[in-house]
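Remarks on the structure that follows.
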Amino acid sequence: MAASTPKVGVLALQGDFREHLAVLGELGAEAVPVRRPAELAEVQGLVIPGGESTVMDKLSRAFGLREPVQRAISAGLPVYGTCAGLIMLADRVLDAIDGQLTLGGLDVTVRRNAFGSQVDSFETDLPMPVLGDEPVHAVFIRAPIVEEVGAAATPIGTLADGRVVAVEQGNLLGTSFHPEVTGDYRFHDYFLQKVRAA
Ligand code: GLN
(Lines give C-alpha, C1' and ligand atoms only; values in the text may rest on other atoms or scores of the structure.)
Protein backbone atom coordinates (compact mmCIF):
# COMPACT_ATOMS: atom_id res chain seq x y z
CA MET A 1 0.00 0.00 0.00
CA ALA A 2 2.72 2.43 1.02
CA ALA A 3 4.60 1.34 -2.07
CA SER A 4 1.76 2.21 -4.44
CA THR A 5 0.84 5.51 -2.73
CA PRO A 6 4.02 7.08 -1.43
CA LYS A 7 3.69 10.19 0.71
CA VAL A 8 5.86 12.82 -0.91
CA GLY A 9 6.54 16.27 0.46
CA VAL A 10 7.20 19.50 -1.37
CA LEU A 11 9.23 22.11 0.51
CA ALA A 12 6.63 24.88 0.68
CA LEU A 13 8.53 27.82 2.10
CA GLN A 14 8.65 29.79 -1.15
CA GLY A 15 8.49 29.31 -4.90
CA ASP A 16 6.31 27.18 -7.17
CA PHE A 17 5.53 24.39 -4.71
CA ARG A 18 1.84 24.28 -5.70
CA GLU A 19 2.69 23.13 -9.23
CA HIS A 20 4.81 20.25 -7.88
CA LEU A 21 2.06 19.23 -5.45
CA ALA A 22 -0.38 19.09 -8.36
CA VAL A 23 1.94 17.00 -10.57
CA LEU A 24 2.78 14.52 -7.81
CA GLY A 25 -0.91 14.18 -6.98
CA GLU A 26 -1.75 13.49 -10.61
CA LEU A 27 0.90 10.77 -10.64
CA GLY A 28 -0.79 9.02 -7.74
CA ALA A 29 1.38 10.12 -4.84
CA GLU A 30 -0.01 11.60 -1.64
CA ALA A 31 1.57 15.03 -2.03
CA VAL A 32 1.87 17.25 1.02
CA PRO A 33 3.45 20.65 1.69
CA VAL A 34 6.41 20.60 4.10
CA ARG A 35 7.03 23.65 6.28
CA ARG A 36 7.87 22.05 9.61
CA PRO A 37 10.21 19.28 10.79
CA ALA A 38 7.22 17.16 11.90
CA GLU A 39 5.86 17.26 8.34
CA LEU A 40 9.25 16.33 6.92
CA ALA A 41 9.45 13.33 9.23
CA GLU A 42 6.34 11.82 7.60
CA VAL A 43 7.38 11.87 3.95
CA GLN A 44 9.17 9.25 1.88
CA GLY A 45 10.53 11.77 -0.62
CA LEU A 46 10.92 15.54 -0.94
CA VAL A 47 10.77 17.97 -3.85
CA ILE A 48 12.52 21.32 -3.49
CA PRO A 49 10.83 23.67 -5.96
CA GLY A 50 12.02 26.55 -8.06
CA GLY A 51 11.87 30.03 -6.65
CA GLU A 52 14.67 32.00 -5.07
CA SER A 53 17.42 30.03 -3.36
CA THR A 54 18.54 32.95 -1.20
CA VAL A 55 15.05 33.30 0.27
CA MET A 56 14.54 29.55 0.58
CA ASP A 57 17.84 29.32 2.46
CA LYS A 58 16.83 32.02 4.94
CA LEU A 59 13.36 30.59 5.46
CA SER A 60 14.64 27.03 5.89
CA ARG A 61 16.83 28.28 8.73
CA ALA A 62 14.06 30.41 10.24
CA PHE A 63 11.64 27.45 10.15
CA GLY A 64 14.17 25.10 11.75
CA LEU A 65 14.19 22.90 8.66
CA ARG A 66 17.79 23.23 7.56
CA GLU A 67 19.33 20.58 9.82
CA PRO A 68 16.40 18.15 9.59
CA VAL A 69 16.51 18.24 5.78
CA GLN A 70 20.28 17.80 5.80
CA ARG A 71 19.94 14.80 8.12
CA ALA A 72 17.22 13.32 5.92
CA ILE A 73 19.41 13.72 2.83
CA SER A 74 22.33 12.02 4.61
CA ALA A 75 20.01 9.21 5.66
CA GLY A 76 19.08 8.59 2.02
CA LEU A 77 15.74 10.37 1.60
CA PRO A 78 15.04 10.77 -2.13
CA VAL A 79 15.09 14.49 -2.95
CA TYR A 80 14.43 16.19 -6.28
CA GLY A 81 15.45 19.84 -6.70
CA THR A 82 14.38 22.00 -9.63
CA CYS A 83 16.15 25.27 -10.43
CA ALA A 84 16.45 27.02 -7.04
CA GLY A 85 15.92 23.55 -5.58
CA LEU A 86 18.96 22.29 -7.50
CA ILE A 87 20.95 25.18 -6.02
CA MET A 88 19.77 24.15 -2.54
CA LEU A 89 20.97 20.59 -3.17
CA ALA A 90 24.37 21.57 -4.53
CA ASP A 91 27.45 21.16 -2.37
CA ARG A 92 29.01 24.26 -3.92
CA VAL A 93 27.47 27.42 -5.40
CA LEU A 94 28.99 30.24 -7.45
CA ASP A 95 27.51 33.75 -7.57
CA ALA A 96 25.79 33.20 -4.27
CA ILE A 97 24.91 36.21 -2.16
CA ASP A 98 26.92 36.92 1.00
CA GLY A 99 26.20 34.32 3.64
CA GLN A 100 24.06 32.13 1.38
CA LEU A 101 24.10 28.48 2.41
CA THR A 102 22.91 25.43 0.55
CA LEU A 103 21.65 22.21 2.07
CA GLY A 104 24.11 20.19 0.00
CA GLY A 105 24.13 16.53 -0.88
CA LEU A 106 24.82 16.69 -4.61
CA ASP A 107 28.52 16.65 -5.43
CA VAL A 108 28.26 19.50 -7.93
CA THR A 109 29.15 23.15 -8.31
CA VAL A 110 26.30 25.25 -9.67
CA ARG A 111 26.35 28.82 -10.87
CA ARG A 112 23.28 30.92 -10.08
CA ASN A 113 21.59 32.95 -12.81
CA ALA A 114 24.06 31.48 -15.25
CA PHE A 115 22.36 32.71 -18.40
CA GLY A 116 22.70 36.37 -17.44
CA SER A 117 20.26 39.22 -17.58
CA GLN A 118 20.01 39.26 -21.38
CA VAL A 119 18.47 35.82 -21.48
CA ASP A 120 16.38 35.46 -18.34
CA SER A 121 14.25 32.65 -19.67
CA PHE A 122 14.23 30.31 -22.61
CA GLU A 123 12.86 26.95 -23.68
CA THR A 124 14.53 24.16 -25.58
CA ASP A 125 14.23 20.45 -26.26
CA LEU A 126 16.86 18.30 -24.59
CA PRO A 127 17.75 14.66 -25.09
CA MET A 128 17.30 12.88 -21.76
CA PRO A 129 18.27 9.23 -22.21
CA VAL A 130 17.24 8.20 -18.65
CA LEU A 131 13.67 9.16 -19.55
CA GLY A 132 13.57 7.43 -22.93
CA ASP A 133 13.91 8.42 -26.55
CA GLU A 134 11.54 11.38 -26.49
CA PRO A 135 13.39 14.66 -25.72
CA VAL A 136 12.32 16.78 -22.76
CA HIS A 137 10.91 20.24 -23.38
CA ALA A 138 12.91 22.22 -20.84
CA VAL A 139 11.85 25.62 -19.50
CA PHE A 140 14.67 27.68 -17.98
CA ILE A 141 13.80 30.64 -15.74
CA ARG A 142 16.77 32.60 -14.31
CA ALA A 143 18.31 29.18 -14.15
CA PRO A 144 21.55 27.86 -12.73
CA ILE A 145 23.89 25.58 -14.64
CA VAL A 146 26.05 22.83 -13.26
CA GLU A 147 29.60 24.04 -13.79
CA GLU A 148 31.36 21.08 -12.29
CA VAL A 149 30.17 17.54 -11.67
CA GLY A 150 32.09 15.84 -8.86
CA ALA A 151 33.01 12.18 -8.82
CA ALA A 152 29.92 11.14 -6.86
CA ALA A 153 27.38 12.73 -9.24
CA THR A 154 26.37 11.83 -12.78
CA PRO A 155 25.28 14.24 -15.51
CA ILE A 156 22.05 13.05 -17.16
CA GLY A 157 21.17 16.03 -19.34
CA THR A 158 23.15 18.65 -21.22
CA LEU A 159 22.47 21.60 -23.49
CA ALA A 160 23.64 21.37 -27.10
CA ASP A 161 26.85 23.19 -26.10
CA GLY A 162 27.61 20.53 -23.48
CA ARG A 163 26.70 22.48 -20.35
CA VAL A 164 25.15 20.22 -17.72
CA VAL A 165 21.57 20.98 -16.65
CA ALA A 166 20.41 17.69 -15.08
CA VAL A 167 22.25 15.46 -12.61
CA GLU A 168 21.62 12.55 -10.30
CA GLN A 169 23.46 10.97 -7.42
CA GLY A 170 21.83 7.97 -5.80
CA ASN A 171 18.51 9.16 -4.42
CA LEU A 172 19.16 12.78 -5.36
CA LEU A 173 17.99 14.34 -8.60
CA GLY A 174 18.45 17.90 -9.82
CA THR A 175 17.39 19.86 -12.89
CA SER A 176 18.16 23.47 -13.83
CA PHE A 177 14.77 23.67 -15.54
CA HIS A 178 11.12 23.32 -14.56
CA PRO A 179 9.38 20.09 -15.64
CA GLU A 180 6.40 20.99 -13.44
CA VAL A 181 5.22 23.63 -15.90
CA THR A 182 5.29 21.64 -19.14
CA GLY A 183 2.76 18.84 -18.72
CA ASP A 184 5.53 16.26 -19.26
CA TYR A 185 5.72 14.47 -15.93
CA ARG A 186 8.46 11.97 -16.75
CA PHE A 187 10.95 13.60 -14.38
CA HIS A 188 8.49 13.42 -11.48
CA ASP A 189 7.71 9.86 -12.46
CA TYR A 190 11.44 9.04 -12.51
CA PHE A 191 11.73 10.60 -9.05
CA LEU A 192 8.75 8.59 -7.76
CA GLN A 193 10.52 5.43 -8.92
CA LYS A 194 13.39 6.37 -6.59
CA VAL A 195 10.90 7.03 -3.78
CA ARG A 196 9.20 3.68 -4.28
CA ALA A 197 12.54 1.85 -4.43
CA ALA A 198 13.97 3.57 -1.33
N1 GLN B 1 17.64 32.49 -9.79
C2 GLN B 1 17.01 31.72 -8.75
C3 GLN B 1 17.94 31.46 -7.58
O4 GLN B 1 19.07 31.82 -7.61
C5 GLN B 1 16.46 30.41 -9.29
C6 GLN B 1 15.36 30.65 -10.29
C7 GLN B 1 14.29 29.62 -10.32
O8 GLN B 1 14.19 28.77 -9.43
N9 GLN B 1 13.44 29.68 -11.32
O10 GLN B 1 17.56 30.87 -6.62
Side-chain angles (χ1 to χ4, degrees), residues 8-24 31 33-35 45-63 65-66 69-70 73 79-126 128 136-149 153 155-159 163-169 172-188 190-191:
V8 179
V10 181
L11 193 66
L13 301 172
Q14 190 268 335
D16 75 334
F17 55 87
R18 291 175 193 84
E19 285 78 359
H20 286 283
L21 288 167
V23 174
L24 293 165
V34 168
R35 296 188 184 86
L46 183 71
V47 172
I48 306 181
E52 177 48 56
S53 59
T54 56
V55 178
M56 237 181 266
D57 166 38
K58 285 180 185 150
L59 291 176
S60 68
R61 291 191 251 170
F63 280 66
L65 272 171
R66 176 178 167 76
V69 175
Q70 288 181 310
I73 291 171
V79 183
Y80 173 26
T82 57
C83 203
L86 165 63
I87 298 170
M88 294 298 290
L89 276 181
D91 281 346
R92 299 166 294 278
V93 55
L94 302 172
D95 293 340
I97 65 164
D98 271 0
Q100 179 175 0
L101 300 176
T102 69
L103 298 163
L106 271 179
D107 182 13
V108 297
T109 305
V110 299
R111 183 180 295 282
R112 292 179 61 228
N113 303 328
F115 298 97
S117 51
Q118 292 297 316
V119 186
D120 259 3
S121 305
F122 66 100
E123 305 184 13
T124 187
D125 288 333
L126 298 177
M128 203 64 62
V136 164
H137 187 68
V139 176
F140 293 82
I141 306 166
R142 295 187 61 71
I145 57 162
V146 180
E147 287 229 341
E148 181 240 339
V149 181
I156 57 171
T158 57
L159 294 168
R163 285 183 291 175
V164 175
V165 291
V167 289
E168 76 179 322
Q169 180 179 330
L172 304 179
L173 183 64
T175 57
S176 298
F177 47 88
H178 290 266
E180 73 282 7
V181 301
T182 61
D184 178 348
Y185 300 157
R186 284 178 295 160
F187 258 109
H188 291 80
Y190 187 67
F191 175 63

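The figures here come from the full heavy-atom set of this structure, side chains too, leaving out hydrogens, waters and symmetry mates. Ligands are counted one by one from 1 in listed order, and the atoms in each one are counted from 1 as well.
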Nitrogen or oxygen of A84 less than 3.5 angstrom from that of ligand 1: yes
Enumerated ligand 1 atoms positioned under 4.0 Å from heavy atoms of C83: 5 (C), 6 (C), 7 (C), 8 (O), 9 (N)
Main-chain N/O of G50 paired to T82 side chain as donor or acceptor, under 3.5 Å: yes
Contacting atoms of ligand 1, where contact means under 4.0 angstrom from a heavy atom of H178: 7 (C), 9 (N)
Exceeds 12 heavy-atom contacts within 6.0 angstrom, atom CZ of R18: no
Any N/O pair T54/ligand 1 closer than 3.5 Å: no
Modelled atom types, side-chain donor and acceptor of H188 and E180, under 3.5 Å: no
Validation row: T124, F140 side chains within 4.5 angstrom (heavy atoms): yes
Atoms of ligand 1 close to G50 [distance to a heavy atom under 4.0 angstrom, numbered from 1]: 8 (O)
Ligand 1-proximal atoms of I87, by part, heavy-atom distance under 4.0 Å: side chain
Per-atom contacts, ligand 1 versus S53 - under 4.0 Å to a heavy atom: 3 (C), 4 (O), 10 (O)
G51 N/O to ligand 1 N/O under 3.5 Å: yes
Heavy-atom nearest neighbour in the protein, as seen from atom 4 (O) of ligand 1, with distance rounded to 0.1 Å: R112 NE, 2.8 Å
Side chain to side chain, Y190 and P179, heavy atoms closer than 4.5 Å: no
Atom 1 (N) of ligand 1: nearest protein contact (heavy atom, Å): N113 OD1, 2.6 Å
Non-hydrogen side-chain atoms of V165 and L86 separated by less than 4.5 Å: no
Sub-4.5 Å side-chain heavy-atom contact between R112 and I97: yes
